[in-house]
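First the structure, in the form of structure tokens, and then the observations on it.
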Amino acid sequence: MDSENVEPAMQPGAPLTAAQRVALAREPQRPGVAEVVDALFEDFFEQRGDRLCADDPSIMGGIALFHGRPVTVLGNRKGSTVEDRVRFNFGMATPEGYRKAQRVMLDAEKFARPVLTFVDTPGAYPGLEAEARGQGEAIARTISVMSGLRVPVISVVMGEGGSGGALALAVGNRVLMLENAVYSVLSPEGFASILWKDASRADEACEVMKLTAADLLELGVVDGVIPEPAGGAHLNPQALMQTLDAVLTRELAAFEKKGAAAVARERAERFRAIGSSAVRRGRV
């Protein structure tokens with residue numbers, strides 16, 4: 001990646017274990033989509049409701065200005081206090097949240113606005129009522145809608161990127177991760193419970209799963225790693241926002257002269273190519 005603000009490897013300080021990065025990704029004070037909106041965007045207008053059933057506050061989406069340019073912002077909202085985490089269902093979206101995301105993205109395409117997504121969720125809400133209202137279909141349709149968008153999509157994994165609940169907001173032309181973010185098919189605890197029948201081996205699972213930003217960059221799943229302040233993004237959010245601002249500015253500039261068909265085609269080619277580098281290196 002050619003941006004001077006995005007590094008292909010982890011450099012500062014002593015190396016962290018995968019389990020330590022999972023802990024940082026789950027840090028309650030870690031900045032998320034709401035903090036990014038406050039720091040980087042102007043005139044944010046939140047769009048609520050799925051036009052079918054209800055509004056899911058765990059998905060935050062709307063229209064904003066980024067350096068004077070209209071964009072659509074979309075992301076998982078966890079909250080930092082106990083009260084907010086309960087209100088936002090710990091960032092686990094229901095079908096209504098994913099259907100709201102579809103509405104927001106299709107609105108962005110109608111008015112030719114780039115879409116910027118900020119992912120931070122342990123996964124979609126797995127409750128019985130969510131399944132009864134079509135959770136699987138909602139996630140699948142969101143992925144389908146996002147795959148076909150003819151506007152640029154830049155996705156940033158801010159903290160946890162869990163399973164299809166995260167993928168539904170991460171079908172981007174460019175997919176980036178913060179240095180201490182993680183992205184995986186399920187939680188380490190779930191992996192250990194399924195594979196070894198022992199959730200206490202979650203730290204071991206973190207290493208096996210290859211869920212860190214460095215691992216996923218090597219595997220070609222993500223396109224770049226955004227460095228965090230020493231100790232993690234929660235210790236110096238302002239510094240992170242300055243870096244994120246520069247990265248988003250450069251990423252959007254790369255699409256200014258590309259037509260709608262080329263944008264959609266590049267996104268499709270990007271996801272078709274995932275894993276090819278690992279195969280070439282004999283990793284799979």
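What you see is a predicted model; the values in this text were computed from it and never measured. Positions are given from 1 along the sequence.
Looking only at distances, no side-chain donor or acceptor of Arg267 sits under 3.5 Å from a matching main-chain atom of Ala262. Between the side chain of Ser147 and the main chain of Ile143, a donor-acceptor pair closer than 3.5 Å is present. Using a distance-only test at 3.5 Å, with no hydrogens or angles considered, no donor-acceptor pair links the side chain of Tyr98 to the main chain of Glu137. The main-chain N or O of Gly49 is found under 3.5 Å from a side-chain atom of Arg103 such that the two form a donor-acceptor pair. Between the side chain of Thr72 and the backbone N or O of Met105 there is no donor-acceptor pair closer than 3.5 Å. Between the Asn180 side chain and the Ala25 main chain, no donor and acceptor come within less than 3.5 Å of each other. Although no hydrogens or angles enter the test, the distance criterion places no donor-acceptor pair under 3.5 Å between the side chain of Ser193 and the main chain of Asp198. The closest donor-acceptor contact from the side chain of Glu207 to the backbone of Ala18 lies under 3.5 Å. Side-chain atoms of Asp223 never come within 3.5 Å of backbone atoms of Leu176 as a donor-acceptor pair (strictly under, hydrogens ignored). Checking side-chain atoms of Gln135 against main-chain N and O of Ala93 turns up a donor-acceptor pair under 3.5 Å.
Minimum heavy-atom separation, Pro122 to Phe90: CD-O, 3.5 Å. The two residues Ala64 and Val73 come nearest to each other via the heavy atoms CB-CG2, 4.2 Å. For Val151 against Ala112, the heavy-atom pair with the smallest separation is CG1-CA, 3.9 Å. Smallest separation of non-hydrogen atoms from Ala202 and Pro188: O-CB, 3.6 Å. Ala124 and Ile139 make their closest contact through CB-CD1, 3.6 Å (heavy atoms, listed as atom of the first residue, atom of the second, distance). Contact record, Ala166 with Tyr183: CB-CE1, 4.0 Å, taken as the closest heavy-atom pair.
Looking only at side-chain heavy atoms (C-beta outward), Met92 and Pro126 come within less than 4.5 Å of each other. Proximity of Leu40 to Met241: side-chain heavy atoms (C-beta onward) are separated by under 4.5 Å at one or more points. Two residues are said to be in side-chain contact when any heavy atoms from C-beta on lie closer than 4.5 Å; Glu269 and Arg265 meet this criterion. The shortest distance between side-chain heavy atoms of Phe111 and Ile63 does not fall below 4.5 Å. Looking at heavy atoms from C-beta onward, Val156 lies in side-chain contact with Leu178 at the 4.5 angstrom threshold. Side-chain contact between Pro114 and Glu251 is absent, with no heavy-atom pair separated by less than 4.5 Å.
In this structure, the separation between OG on Ser155 and CE on Met146 is 4.0 Å, given to the nearest 0.5 Å. Between the CG atom of Leu169 and the OG1 atom of Thr117 there is a distance of 6.0 Å, given to the nearest 0.5 Å. To the nearest 0.5 Å, atoms CD (Glu266) and CZ (Phe255) are separated by 6.0 Å. Going from atom OG1 of Thr81 over to atom CD of Gln29 covers 8.5 Å, rounded to the nearest 0.5 Å. Taking CZ from Phe191 and CE from Met209, the interatomic distance works out to 6.0 Å, rounded to the nearest 0.5 Å. Atom OG of Ser184 sits about 11.0 Å away from atom CG of Asp215, to the nearest 0.5 Å.
The side chain to side chain contact (heavy atoms under 4.5 Å, CB included) search around Thr249 returns Phe66, His67, Asp245, not counting sequence neighbours. With sequence neighbours excluded, the residues satisfying side chain to side chain contact (heavy atoms under 4.5 Å, CB included) with Gln102 are Arg99, Arg141, Thr142, Val145. Residues that satisfy the side chain to side chain contact (heavy atoms under 4.5 Å, CB included) test with Phe45, not counting sequence neighbours, are Gln47.
Counting non-hydrogen atoms of neighbouring residues, nucleotides and ligands closer than 6.0 angstrom, the CD atom of Glu129 exceeds 12 such neighbours.
Applying the salt bridge (charged side-chain N to carboxylate O under 4.0 Å, His left out) test to residues at least two apart or on different chains, none of the pairs has a partner in residues 232-244. Sequence neighbours left out, the pairs with a member in residues 60-82 that pass salt bridge (charged side-chain N to carboxylate O under 4.0 Å, His left out) are Glu46-Arg77, Lys78-Asp120, Lys78-Glu160. Among residues at least two apart or in separate chains, salt bridge (charged side-chain N to carboxylate O under 4.0 Å, His left out) pairs with a member in residues 28-38 are Arg30-Glu228.
Cluster membership check: Leu252 shares its hydrophobic cluster with Leu244, using side-chain heavy-atom separations under 4.5 Å among Ile, Leu, Val, Met, Phe, Trp and Tyr. Under a hydrophobic clustering in which Ile, Leu, Val, Met, Phe, Trp and Tyr are joined whenever their side-chain heavy atoms come within less than 4.5 Å, directly or via other members, Leu240 and Phe41 fall into the same cluster. No single ILVMFWY cluster, assembled from side-chain heavy atoms under 4.5 Å apart, contains both Ile226 and Leu211. In the hydrophobic cluster analysis, where Ile, Leu, Val, Met, Phe, Trp and Tyr join through side-chain heavy atoms closer than 4.5 angstrom, Ile194 is grouped together with Val208. The cluster map of Ile, Leu, Val, Met, Phe, Trp and Tyr, joined by side-chain heavy atoms under 4.5 Å apart, puts Val119 and Leu149 in the same cluster.
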**Message:** Apply side chain to side chain contact (heavy atoms under 4.5 Å, CB included) to residues Ser80 and His234 and explain how you reach the verdict.
**Reply:** CA-CA 11 Å; Ser80 55; His234 62 292; over 6 Å; no
**Message:** Applying side chain to side chain contact (heavy atoms under 4.5 Å, CB included) to Leu248 and Ile154, what does each step give before you reach the verdict?
**Reply:** CA-CA 8 Å; Leu248 294 176; Ile154 311 299; 4.1 Å; yes
**Prompt:** After noting the C-alpha distance and the side-chain angles of Val221 and Val175, does the key distance pass the side chain to side chain contact (heavy atoms under 4.5 Å, CB included) rule?
**Reply:** CA-CA 8 Å; Val221 175; Val175 180; over 6 Å; no
**Request:** Evaluate the criterion side chain to side chain contact (heavy atoms under 4.5 Å, CB included) for residue pair Ile59 and Leu74; output intermediate values, then yes/no.
**Result:** CA-CA 7 Å; Ile59 295 288; Leu74 190 63; 3.9 Å; yes
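Salt bridge Arg133/Glu96: present, at least one basic N to carboxylate O contact under 4.0 Å. Look at Asp55 and Lys100 and you find a salt bridge, because one of the NZ, NE, NH1 or NH2 atoms lies within 4.0 Å of a carboxylate O, short of that distance.
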